[in-house]
Amino acid sequence: MTYLDNAATTFPKPKSVVKAVEDCLLHYGANPGRSGHALSMKAAQTVYDARCKLAEYFGACDPERVIFTKNCTESINTAVKGIVGLSDHFIVSSLEHNSVIRPLETLRVAKKADYSVAKVFENDVKRTTDSFQSVIKSNTKAFVISHASNVFGITIPLKELVSLAQARGILVIVDGAQTAGVLPVSVDKMGIDVFCTAGHKGLYGPFGTGLMVLGKKIKLKSTLIEGGTGSSSLSFLQSEQLPDRFESGTLNLCGIAGLSAGVDFLKRRGTAELYEHEMHLAKRLYEGLANQDRVRLYTCSPGLETHVPVVSFTINGTENNQVVEILSDQGVYTRGGLQCAPMAHLFFDTAPEGTVRVSMGAFNQENDIDRTLKIVKNIINNTK
Amino acid sequence: MKLIVFENYTLAMKARSLIIKSGQICELIRTPAEHSKCGCGYSLMVEGNLSTAVQVLDQAGISYVKRVGEDG
């Protein structure tokens with residue numbers, strides 16, 4: 001098996017992550033922060049330790065600013081709907097995933113807020129920041145931007161965009177689904193207001209885990225959901241205290257235990273070392289594809305810091321679904337179609353068919369790439 | 001009993017880490033009913049000097065609901 005769909009979710013998970021989940025389910029899976037008995041306290045300690053670990057990993061000095069969610073989409077929705085006021089304006093990039101576009105489009109259709117799209121120019125920081133600047137309005141509340149494209153692997157110039165936003169009193173909400181555990185992120189040092197991510201992608205945690213890391217100064221006015229928090233229970237109102245305010249209901253304790261083990265895995269292997277390894281594979285794939293007839297690539301060759309290990313391609317005259325199916329029949333797993341990012345495909349003129357997306361992970365090796373290239377070559381030869 | 005009462009366990013645990021680091025002993029417990037105005041919550045039972053422990057929290061900007069008991 002050659003799994004190359006890590007942008008969707010990383011697979012396999014490290015054995016330590018599996019063990020952490022199993023350990024929780026078998027030995028201490030009580031409801032954290034709800035009782036005073038020993039198991040509940042151990043569960044609460046596990047959650048707190050994970051919170052501290054993730055706060056350190058993402059450069060937030062207070063663990064209570066790490067909010068556990070069920071996925072990146074929930075984090076982004078919580079952030080956007082937490083700050084939106086009537087007639088606010090938002091700016092997104094031309095590479096956004098539906099987890100950014102759909103909440104904003106829903107607000108637009110309801111005439112509650114509006115948004116503009118700023119173009120991203122690969123490897124051109126100035127043109128990209130100028131593009132963002134050109135669509136800023138007096139009522140622009142926030143940039144809501146993907147740190148890296150889940151389709152084309154291109155990163156946005158986050159440092160420069162944060163500087164631009166800060167100079168204009170605009171907030172920055174980052175969709176870090178493709179960069180958490182891949183590129184270094186420090187919420188406090190980088191001045192990010194909200195960093196949203198999934199736990200089950202580059203952080204190697206289980207499904208059902210996500211994070212919203214809040215910057216020091218941001219106050220989210222509204223909550224997405226309200227409910228039991230195990231605190232201030234006499235009150236009919238949602239707690240104002242972090243993290244409880246945004247964590248209603250029972251936490252995914254086993255998921256959080258696994259996510260904590262995922263971060264330990266990254267620290268053991270080295271985030272930077274893993275990134276370099278995966279980018280080496282991305283480049284190998286890109287260059288192999290570039291040499292093949294009828295293959296179309298859409299970006300420059302992937303480079304460190306300018307890309308994450310995601311490569312999209314199409315084969316002229318062969319449907320993406322057919323390519324994915326043939327690859328899958330031979331044990332190579334990729335993703336075809338729009339990858340829930342129609343905006344990115346519209347920008348690259350690959351809609352409505354989309355692309356075949358290959359995304360590398362920690363457990364991929366060169367032979368995975370070489371095998372994929374061989375199959376693609378056969379597809380090309382057999383589908384002339 | 002010398003207690004520092006917190007609204008949630010995250011703050012109680014953060015406080016516990018700091019107080020232990022400062023050299024004092026404390027134990028995380030469920031807030032006793034008589035001290036829990038808002039229902040539910042966690043407290044630190046402080047073995048050492050309560051005022052010193054509270055000072056550590058004040059300096060770190062950690063909020064608490066109240067302190068209970070006095071130093072002997």
Side-chain angles (χ1 to χ4, degrees), chain A residues 30-56 60-68 211-214 216-217 227-251 253 256 260, chain B residues 1-70:
Chain A
N31 201 319
R34 295 296 192 273
S35 303
H37 59 73
L39 279 186
S40 176
M41 301 294 261
K42 167 141 174 83
Q45 186 71 54
T46 297
V47 172
Y48 181 72
D49 290 345
R51 222 183 277 281
C52 289
K53 194 178 292 180
L54 287 156
E56 190 198 12
C61 63
D62 306 302
E64 62 269 27
R65 288 195 274 126
V66 171
I67 312 295
F68 290 115
L211 296 172
M212 183 174 71
V213 185
L214 299 174
K216 278 185 199 172
K217 294 181 191 166
T229 57
S231 56
S232 302
S233 298
L234 265 177
S235 173
F236 285 3
L237 290 171
Q238 189 74 356
S239 172
E240 294 285 338
Q241 286 280 7
L242 295 177
D244 298 36
R245 182 160 180 75
F246 299 104
E247 290 181 354
S248 297
T250 300
L251 289 175
L253 172 67
I256 291 167
S260 181
Chain B
M1 187 186 269
K2 289 182 279 188
L3 291 180
I4 308 173
V5 180
F6 298 90
E7 192 182 324
N8 64 33
Y9 75 78
T10 301
L11 286 174
M13 285 186 174
K14 188 176 175 182
R16 182 177 73 170
S17 297
L18 281 175
I19 290 170
I20 288 173
K21 232 185 237 179
S22 76
Q24 293 230 60
I25 298 171
C26 60
E27 189 188 338
L28 183 66
I29 61 169
R30 196 80 170 145
T31 301
E34 64 267 30
H35 298 299
S36 177
K37 269 189 193 165
C38 45
C40 303
Y42 290 81
S43 294
L44 290 179
M45 193 161 67
V46 178
E47 280 191 24
N49 190 288
L50 181 61
S51 296
T52 308
V54 167
Q55 201 175 23
V56 167
L57 302 187
D58 289 341
Q59 282 171 356
I62 296 179
S63 64
Y64 51 92
V65 175
K66 62 179 179 180
R67 55 185 280 181
V68 174
E70 294 295 330

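Reminder, nothing fancy here: chain letters follow the sequence lines and each chain counts from 1.
- Heavy-atom pairs under 4.5 Å with chain B peak, among A:Arg51, A:His37, A:Gln45, at A:Gln45.
- Around the CG atom of A:Leu39, the shell of radius 6.0 Å holds more than 12 heavy atoms that belong to other residues, nucleotides or ligands.
- Minimum heavy-atom separation, B:Asn8 to A:Leu242: ND2-O, 3.4 Å.
- Sparse packing is recorded around NZ of A:Lys216, with 12 or fewer heavy atoms of other residues, nucleotides or ligands lying under 6.0 Å away.
- When heavy atoms are compared at a cutoff of 4.5 Å, B:Thr31 does not approach chain A at all.
- Side-chain atoms of A:Gln241 and B:Ser63, non-hydrogen and from C-beta on, do get closer than 4.5 Å to each other.
- When heavy atoms are compared at a cutoff of 4.5 Å, B:Leu28 approaches chain A by way of both its backbone and its side chain.
- Remark: B:Leu11 CG to A:Asp244 CG distance equals 8.0 Å, nearest 0.5 Å.
- Taking every heavy atom of both residues into account, A:Tyr48 and B:Met13 meet most closely at CB-SD, 3.1 Å.
- Separation of atoms OH (B:Tyr9) and OG (A:Ser231) is listed at 9.5 Å; rounding is to 0.5 Å.
- The two residues A:Arg34 and B:Tyr42 have their closest heavy-atom pair at N-OH, 3.3 Å.
- Counting all heavy atoms, side chain and backbone alike, B:Glu7 lies closest to A:Ser239 at OE2-OG, 2.6 Å.
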